[in-house]
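Reading through the structure tokens given below for one structure.
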Amino acid sequence: MLVRTRFAPSPTGYLHVGGLRTALYAYCFAKQNKGKFVLRIEDTDRERFVADGTQNILKSLYWAGLIPDEGVMFDKNENIIQKGDGGGSYIQSERLDIYKEHADELVKNGHAYHCFCTPERLDELRQFQQLNKLPPGYNGRCRDIDPAEAQKRASQGEKHVIRMKMPKEGETVFNDEIRGEVRFKNELVDDQVIMKSDGFPTYHLAVVVDDHLMKITHIIRGEEWLSSVPKHLQLYKYFGWESPKMAHLPLLLNADRSKLSKRQGDVAVEDYVKKGYLKEAIINFIAFLGWNPGGERELFTLGEIVKEFSLGKVGKSGAVFNLQKLDWFNKEYIKRLPPEELTERAKPFFDTAGIDLTKYPTALALERERVTTLAELPEAIKFVFELPDYEPGLLVWKKSSAEELKNILPALKEFLDTFSVRDWQKEKLESRVGEWIKENGYSVGAVLWPMRVALSGQENSPGPFEIAEVLGQDETLRRIEKAMKNVV
RNA sequence: GGCCCCAUCGUCUAGUGGUUAGGACACCUCGCUUUCAAUGAGGUAACACGGGUUCGAUUCCCGUUGGGGCUACCA
């Protein structure tokens, strides 16, 4: 049987990092089994609907490299298209007639009923239950209305929803791929609304109908859905369908161990993109939140994760979304990026900073091991493009003096002037200046510190020789000359 | 409140009926060094608690505690 997993987000604005991890696991599981990764859009809540929500989600998914095989996807120009034969559209709002048909079937068979209770009455009921510490849930007021009578009232236009009938007895037992056996008493499961009064299905009906029609074999989703499984299983039973296997993933947590939320930090994938995190780092980091292959290796590409992934190795407890670890991953991956690749990925950040990288194309190499995100790069190497103002006192090394400096700087400049353009590279600079320092009896710091400050204008920076190489001989000499003027 | 899930260093985690309980991030110390970063060497730090089962439990069972999720005509 062909494995089919799906990721089914709601277009409410952006892709949540927790959603990205769910998508990643579903993607890995599908790919590993040579199956299909399906993307479905669950837009049955018209109040939370955001117009370009689907576009945003797809953008983030494609950015991360999780490309759907089936369902909703991008064409070459980032237009939203659909592919696959899952019984029509993969966007739920375009499948309303399908859900209606299935809801009607349940009503006809006595597995669901019209409910005419108003939201106000249900509110009161809820409050009453809370106050008296009773189990929550619909009290079944409309459950036993004569079906013919209910049908009549409904067709006369009386506002209503459709609820599924949960059995009053027995247990629903199922085997979660991650958690093992889980059981619920049916009497405690609510008669869930499956069709709203606006003619849209609720999640519970839509997800069951769609997963079946789209031939999903494995449902991989967040733990927040665990408690609605008995409802879904009951619907499968009513329809006479076989249920897919299910895996409920542990949640992603804030530092205080509550469910990861916007209030305590960034949760949108696009936020991390904007901050200059690499997809490799995000994917690797997020994959390891709740899963790891067992060894001591930590750096894995998407392809390697696909190879190693298994639901059995997914943990059961929630994982804190720890930015420090993410930063470490990002640093590692920035270091590993080939220079051309780094340049290309960093370009947008330089564009917004108004820095023309082509003026000093090798400048990035200076800071690639010092920054944690791409977004820090422009600020970090700004000094190459424009020497910042600095206090003349900064030029004096802690163990040296202004007097000594006045001798060293001109001598150094003179010496550097003797280099041919050919020899102007950091290795040669380093070895020859080193010899020169020895010959003249200077201490190393007394020369290199001011040289570095003269070239960078900063207290902290990369080493003087690498900067000199990037700047070129002319600009290097110019900056040393400027330093000479400063100390006088 | 009810139902469900979960529990190894601060965090992410490996692991086993008998281990000096391993790694990574973070933190600290030292080394290298012209600064920072990087890097090398070390260090601090965990089996939530109480009962069982067992010759022996961090590991298996039960309970307690703690945390989380759900409890909508939201997903």
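These numbers come from a predicted model, not from an experiment. Sequence lines set the chain letters: A, B, ... in the order given, protein chains first and strands last, and positions in each chain run from 1.
A distance of about 26 Å separates the P atoms of rA14(B) and rC4(B), rounded to the whole Å. Annotation: rC25(B) and rG43(B) have their P atoms spaced 15 Å apart (nearest Å). Nucleotides rG22(B) and rC9(B) place their P atoms 14 Å apart, quoted to the nearest Å. Rounded to a whole angstrom, the distance from the C1' atom of rG56(B) to that of rG1(B) is 43 Å. On the P atoms, rA24(B) is 24 Å away from rG18(B), given to the nearest whole Å. Comparing the P positions of rU19(B) and rG2(B) gives a spacing of 41 Å, expressed to the nearest Å. When the P atom is compared between rC27(B) and rC36(B), the two are found 15 Å apart, to the nearest whole Å. Comparing rA21(B) with rU59(B), their P atoms are spaced 15 Å from each other, to the whole Å.
Evaluation of atom-type donor-acceptor distances gives a pair under 3.5 Å for the side chain of Lys325(A) against the base of rA24(B). Applying the 3.5 Å distance criterion, the base of rC70(B) shares no donor-acceptor pair with the side chain of Ser227(A). Between the side chain of Arg370(A) and the base of rC36(B), at least one donor-acceptor pair of N or O atoms lies under 3.5 Å.
Atom-to-atom distance recorded for Lys275(A):NZ and Thr373(A):OG1 is 9.0 Å, nearest 0.5 angstrom.
Judged by distance alone, the side chain of Arg153(A) and the main-chain N or O of Glu158(A) form no donor-acceptor pair under 3.5 Å.
If you check rC4(B), rG23(B), rC74(B) against the side chain of Phe184(A), the one that comes closest is rC4(B). Side-chain proximity of Leu188(A) to the nucleotides rA24(B), rC3(B), rC4(B) is greatest for rC3(B). Of the listed nucleotides (rC73(B), rC6(B), rU34(B)), rU34(B) has the atom at the smallest distance from the side chain of Val444(A). Closest to the Val193(A) side chain, of the nucleotides rC73(B), rU34(B), rA75(B), is rC73(B). When distances are taken from the side chain of Arg452(A) to each of rC5(B), rU71(B), rU35(B), the shortest belongs to rU35(B). For Glu224(A), taking side-chain heavy atoms from C-beta onward, the closest of the listed nucleotides rU35(B), rA38(B), rA75(B) is rA75(B). Which of rC5(B), rG69(B), rC73(B) sits closest to the side chain of Lys259(A) comes down to rG69(B). Of the candidate nucleotides rC73(B), rU35(B), rU11(B), rU11(B) has the atom lying nearest to any side-chain atom of Asn322(A). Taking only side-chain atoms of Arg48(A), from C-beta outward, the nucleotide of rU35(B), rG2(B), rA75(B) with the closest atom is rA75(B). Taking only side-chain atoms of Val320(A), from C-beta outward, the nucleotide of rU34(B), rU39(B), rU11(B) with the closest atom is rU11(B).
Looking only at atom types and distance, the side chain of Asn186(A) has a donor-acceptor partner in the side chain of Thr172(A) under 3.5 Å away. For the 3.5 Å distance criterion, the side chains of Tyr99(A) and Asp210(A) qualify, holding a donor opposite an acceptor.
Between Ile194(A) atom CD1 and rA75(B) atom P the separation is 13 Å, expressed in whole Å. Rounded to an integer number of Å, the gap from CG of Asn292(A) to C1' of rC12(B) is 9 Å. Atom CD in Gln129(A) sits about 16 Å away from atom P in rG1(B), given to the nearest Å. Residue Glu158(A) contributes atom CD, which lies 17 Å from atom P of rC73(B) at whole-angstrom precision. Distance, Glu223(A) CD to rG68(B) P: 12 Å, rounded to whole Å. The interatomic distance linking His232(A) (NE2) with rC4(B) (P) rounds to 17 Å, in whole Å. Atom CD in Gln130(A) sits roughly 13 Å away from atom C1' in rC70(B) (whole-Å rounding). What separates NE2 of His248(A) from P of rC70(B) is a distance of 12 Å, to the nearest Å.
Using a 4.0 Å heavy-atom cutoff across all strands shown, Glu42(A) reaches sugar-phosphate atoms only and no base atom. Residue contacts for Ser197(A): at a heavy-atom cut-off of 4.0 Å it reaches a base atom on one of the strands shown. Counting any heavy atom pair closer than 4.0 Å across all strands shown, Ser317(A) reaches sugar-phosphate atoms only and no base atom. Backbone-only contact: Arg179(A) has heavy atoms under 4.0 Å from sugar-phosphate atoms and none from a base. The residue Gly137(A) sits apart from the nucleic acid: no heavy atom pair falls under 4.0 Å. At a threshold of 4.0 angstrom between heavy atoms, the contacts of Arg257(A) are confined to the sugar-phosphate backbone, with no base atom among them. Using a 4.0 Å heavy-atom criterion, one finds that Arg221(A) contacts no nucleic acid atom at all. Using a 4.0 Å heavy-atom cutoff across all strands shown, Arg126(A) reaches sugar-phosphate atoms only and no base atom. Residue Pro9(A) is classed as having no contact, given no heavy-atom separation below 4.0 Å to the nucleic acid. Residue Lys231(A) is classed as having no contact, given no heavy-atom separation below 4.0 Å to the nucleic acid.
Pairing for rA48(B) is with rU64(B), a Watson-Crick or G-U wobble pair whose two hydrogen-bonding atom distances lie under 3.5 Å. Applying the Watson-Crick and G-U wobble criteria (two distances, each under 3.5 Å), rC30(B) pairs with rG40(B). Searching all strands for a Watson-Crick or G-U wobble partner of rG1(B) with both distances below 3.5 Å returns rU71(B). Partner assigned to rU19(B) is none, using Watson-Crick or G-U wobble distances below 3.5 angstrom. Across all strands shown, rC25(B) forms a Watson-Crick or G-U wobble pair, both distances under 3.5 Å, with rG10(B).
Distances shown here put every side-chain N or O of Trp449(A) at or beyond 4.0 Å from the OP1 or OP2 atom of rU34(B). Taking 4.0 angstrom as the limit, Lys335(A) places none of its side-chain polar atoms (N or O) nearer than this to OP1 or OP2 of rA37(B). A sub-4.0 Å separation between OP1 or OP2 of rA75(B) and a side-chain N or O of Thr44(A) is present.
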Checking ring-ring contact (aromatic ring centres under 6.0 Å, His included) for the pair Phe419(A)/Phe465(A): CA distance, chi angles, key distance, verdict?
-> CA-CA 13 Å; Phe419(A) 276 70; Phe465(A) 305 114; 9.4 Å; no
Please assess Asn56(A) against Leu15(A) for the test side chain to side chain contact (heavy atoms under 4.5 Å, CB included), listing each intermediate value before the final yes or no.
-> CA-CA 7 Å; Asn56(A) 283 344; Leu15(A) 180 59; over 6 Å; no
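The salt bridge (Lys or Arg N to Asp or Glu O under 4.0 Å) with Asp198(A) is formed by just one residue from the set Arg46(A), Lys159(A), Lys100(A); it is Arg46(A). Residue His204(A) forms a side-chain hydrogen bond (donor to acceptor under 3.5 Å, both in side chains) with just one option from Lys231(A), His232(A), Gln234(A), and that option is His232(A).
When every heavy atom of Ala446(A) is checked against every heavy atom of Trp397(A), the shortest pair comes out as N-CE3, 3.2 Å.
A salt bridge links Glu332(A) with Lys335(A): the distance from a Lys NZ or Arg NE/NH1/NH2 to an Asp or Glu carboxylate oxygen falls below 4.0 Å.
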